[in-house]
Amino acid sequence: MTDRAAEVRFKPQDLLLALGGALILDTYEDPLPTRVFLDVLGSLGVSGDATRSVLTRLTERGLLTRHQDGRVASYGLTDTSRRLLRDGRERVRAAEPFHQVSSDWTLLSFSLPETRRDVRNRLRSRLTWAGFGCLRDGLWVAPGRVDLDRVVAVGAEVDELQVDGFLASPAPGTDVARYVRRAWDVDALRWEHEEFLRRWERPAPRESDPLAMFVLLGAHWIRLLRVDPVLPERYLGEDWPGRRSAAVYRSASEALEARAGTAFAALVEDARARR
């Protein structure tokens with residue numbers, strides 16, 4: 001494994017989802033042998049046991065299907081995971097993912113019994129992905145106009161979930177910058193961008209594994225998209241690194257994608273031939 005790969009700390013699930021969105025979705029409809037996932041994640045330092053464990057968890061959550069052919073197990077995407085990966089791909093491939101065009105803000109308030117912590121945690125994760133920051137317990141704010149139906153669908157099956165949403169504009173005299181820093185750790189957001197730039201601004205060495213590096217790049221980019229709420233730049237400073245991060249991602253992705261796709265196709269062909 002390369003030194004650069006060793007510097008990055010991602011959960012096996014992050015790497016697996018990055019692989020699914022970048023190289024499996026809309027390309028491989030049939031399930032892929034477990035060996036494919038073991039080889040890809042193994043090249044990034046993930047143990048075989050950890051890879052098998054995350055495959056099992058994602059299957060239990062309805063994000064993967066499991067198929068058994070003799071002694072060989074294979075895994076494929078479900079309709080749910082395809083939908084989630086396609087939704088995420090819109091942001092992954094956006095030309096200006098950190099440029100906020102709306103002057104509106106979306107406010108959301110929800111209440112849920114403490115006994116439903118599973119739904120609460122999933123809802124908070126979806127809110128974060130949608131760009132929301134927490135002003136106080138149960139009250140969230142996001143820049144721009146957010147499709148709340150897509151965000152709260154995660155808890156639609158829970159009768160006790162109560163959600164209220166509003167579109168708002170700041171009243172004259174409101175210190176919006178203060179609210180921005182109250183809901184989001186802007187310094188931590190800047191650090192995330194700077195860390196991404198530090199790791200990917202220089203091209204990956206030609207001798208590095210393009211498949212491993214492409215998956216790692218995808219996982220890091222998704223993490224950056226997840227933590228950055230796309231705040232208006234006037235509240236962030238003139239030197240905000242969002243546009244630079246987007247340019248670096250496009251350059252690194254273009255340099256790795258073709259070679260990674262070729263390497264992955266060879267890996268799939270070899271794993272299927274061994275069955």
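- Using a 4.5 Å cut-off on side-chain heavy atoms (C-beta onward), Arg202 and Val248 make no contact.
- Taking all atoms of both residues into account, the shortest heavy-atom contact from Arg66 to Thr59 is CB-CG2, 4.2 Å.
- Judged as a side chain to side chain donor-acceptor pair (under 3.5 Å), not a single pair has a partner in residues 249-258 (not counting sequence neighbours).
- For the atom pair CG (Leu25) and CZ (Arg82), the distance works out to 7.5 Å, reported to the nearest 0.5 Å.
- Taking all atoms of both residues into account, the shortest heavy-atom contact from Ala18 to Val215 is CB-O, 3.8 Å.
- Looking only at side-chain heavy atoms (C-beta outward), Phe37 and Ile24 come within less than 4.5 Å of each other.
- In terms of hydrophobic clustering, with Ile, Leu, Val, Met, Phe, Trp and Tyr side chains grouped at heavy-atom distances under 4.5 Å, Leu224 and Leu17 are assigned to different clusters.
- Contact annotation: the side chain of Leu211 approaches that of Leu23 to within less than 4.5 Å [non-hydrogen atoms, C-beta and beyond].
- Between Leu236 and Leu231 the shortest heavy-atom distance is CD1-O, 3.7 Å.
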Which side-chain N or O atoms in residues 46-55 pair as donor and acceptor under 3.5 Å with protein atoms at least two apart or in another chain?
residue	atom	partner	partner atom	Å
Ser47	OG	Ala50	N	3.1
Thr51	OG1	Ser47	O	3.2
Ser53	OG	Arg57	NH1	3.0

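- Put simply, the side chain of Glu96 never gets that close to the backbone of Phe98: no donor and acceptor are under 3.5 Å apart.
- Counting heavy atoms from C-beta outward, Leu84 and Leu63 have side chains that approach closer than 4.5 Å.
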>> Pair Gln13, Arg61 - check side chain to side chain donor-acceptor pair (under 3.5 Å), show working.
In response: CA-CA 12 Å; Gln13 177 174 308; Arg61 290 172 53 190; 3.3 Å; yes
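- Linking Ile, Leu, Val, Met, Phe, Trp and Tyr whenever their side-chain heavy atoms come within less than 4.5 Å puts Leu139 and Val180 in one cluster.
- With a 4.5 Å cut-off on side-chain heavy atoms, Ser208 and Met213 count as touching.
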>> Go through it in stages, so that I can follow the logic: the residues are Arg83 and Asp87, the test is salt bridge (Lys or Arg N to Asp or Glu O under 4.0 Å), and I'd like the CA-CA distance, side-chain angles, deciding distance and then a yes or no.
In response: CA-CA 6 Å; Arg83 183 176 65 254; Asp87 287 347; 5.3 Å; no
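- Linking ILVMFWY side-chain heavy atoms closer than 4.5 Å, directly or via other members, places Leu58 and Leu38 in two distinct hydrophobic clusters.
- Proximity of Thr34 to Ser74: side-chain heavy atoms (C-beta onward) are nowhere separated by under 4.5 Å.
- Under a hydrophobic clustering in which Ile, Leu, Val, Met, Phe, Trp and Tyr are joined whenever their side-chain heavy atoms come within less than 4.5 Å, directly or via other members, Val230 and Leu127 fall into different clusters.
- Residues Phe132 and Arg124 fail the side-chain proximity criterion, which asks for heavy atoms closer than 4.5 Å.
- Within 6.0 Å of OH on Tyr28 lie more than 12 heavy atoms contributed by other residues, nucleotides or ligands.
- Screening residues 52-88 for ring pair (Phe, Tyr, Trp, His ring centres under 6.0 Å), with sequence neighbours left out, gives no hits.
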List the atom pairs, donor and acceptor, that lie under 3.5 Å between side-chain atoms in residues 187-194 and the rest of the protein, sequence neighbours left out.
residue	atom	partner	partner atom	Å
Arg190	NH2	Asp239	OD1	3.2
Glu192	OE1	Arg223	NE	3.3
Glu192	OE1	Arg223	NH2	3.3
His193	ND1	Ser245	OG	2.8
His193	NE2	Asp228	OD2	2.6

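- Of all non-hydrogen atoms in Val176 and Tyr235, the two that sit nearest each other are CG1-CZ, 3.4 Å.
- Between atom CG of residue Asp39 and atom CG of residue Leu44 there is a gap of 11.5 Å, rounded to the nearest 0.5 Å.
- Here the closest non-hydrogen pair linking Pro12 and Leu41 is O-CD2, 3.8 Å.
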Listing, residues 140-148 side-chain donor-acceptor contacts under 3.5 Å, not counting sequence neighbours, or none:
residue	atom	partner	partner atom	Å
Arg145	NE	Asp104	OD2	2.8
Arg145	NH2	Asp104	OD2	3.1
Asp147	OD1	Asp149	N	3.2

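- No side-chain heavy atom of Leu108 sits less than 4.5 Å from a side-chain heavy atom of Phe166.
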Atom pairs and distances, side-chain donor-acceptor, residues 258-274, under 3.5 Å, sequence neighbours left out:
residue	atom	partner	partner atom	Å
Thr262	OG1	Ala258	O	3.1
Asp270	OD2	Arg274	NE	3.1
Asp270	OD2	Arg274	NH2	2.9

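- Here the closest non-hydrogen pair linking Val186 and Arg181 is CB-NH1, 3.6 Å.
- The one candidate from Gln100, His99, Arg243 that meets the side chain to side chain donor-acceptor pair (under 3.5 Å) condition with Glu233 is Arg243.
- In this structure, the side chain of Asp175 engages the main chain of Arg178 through a donor-acceptor pair within 3.5 Å.
- In this structure, Trp221 has its ring center at least 6.0 angstrom away from the ring center of Phe214.
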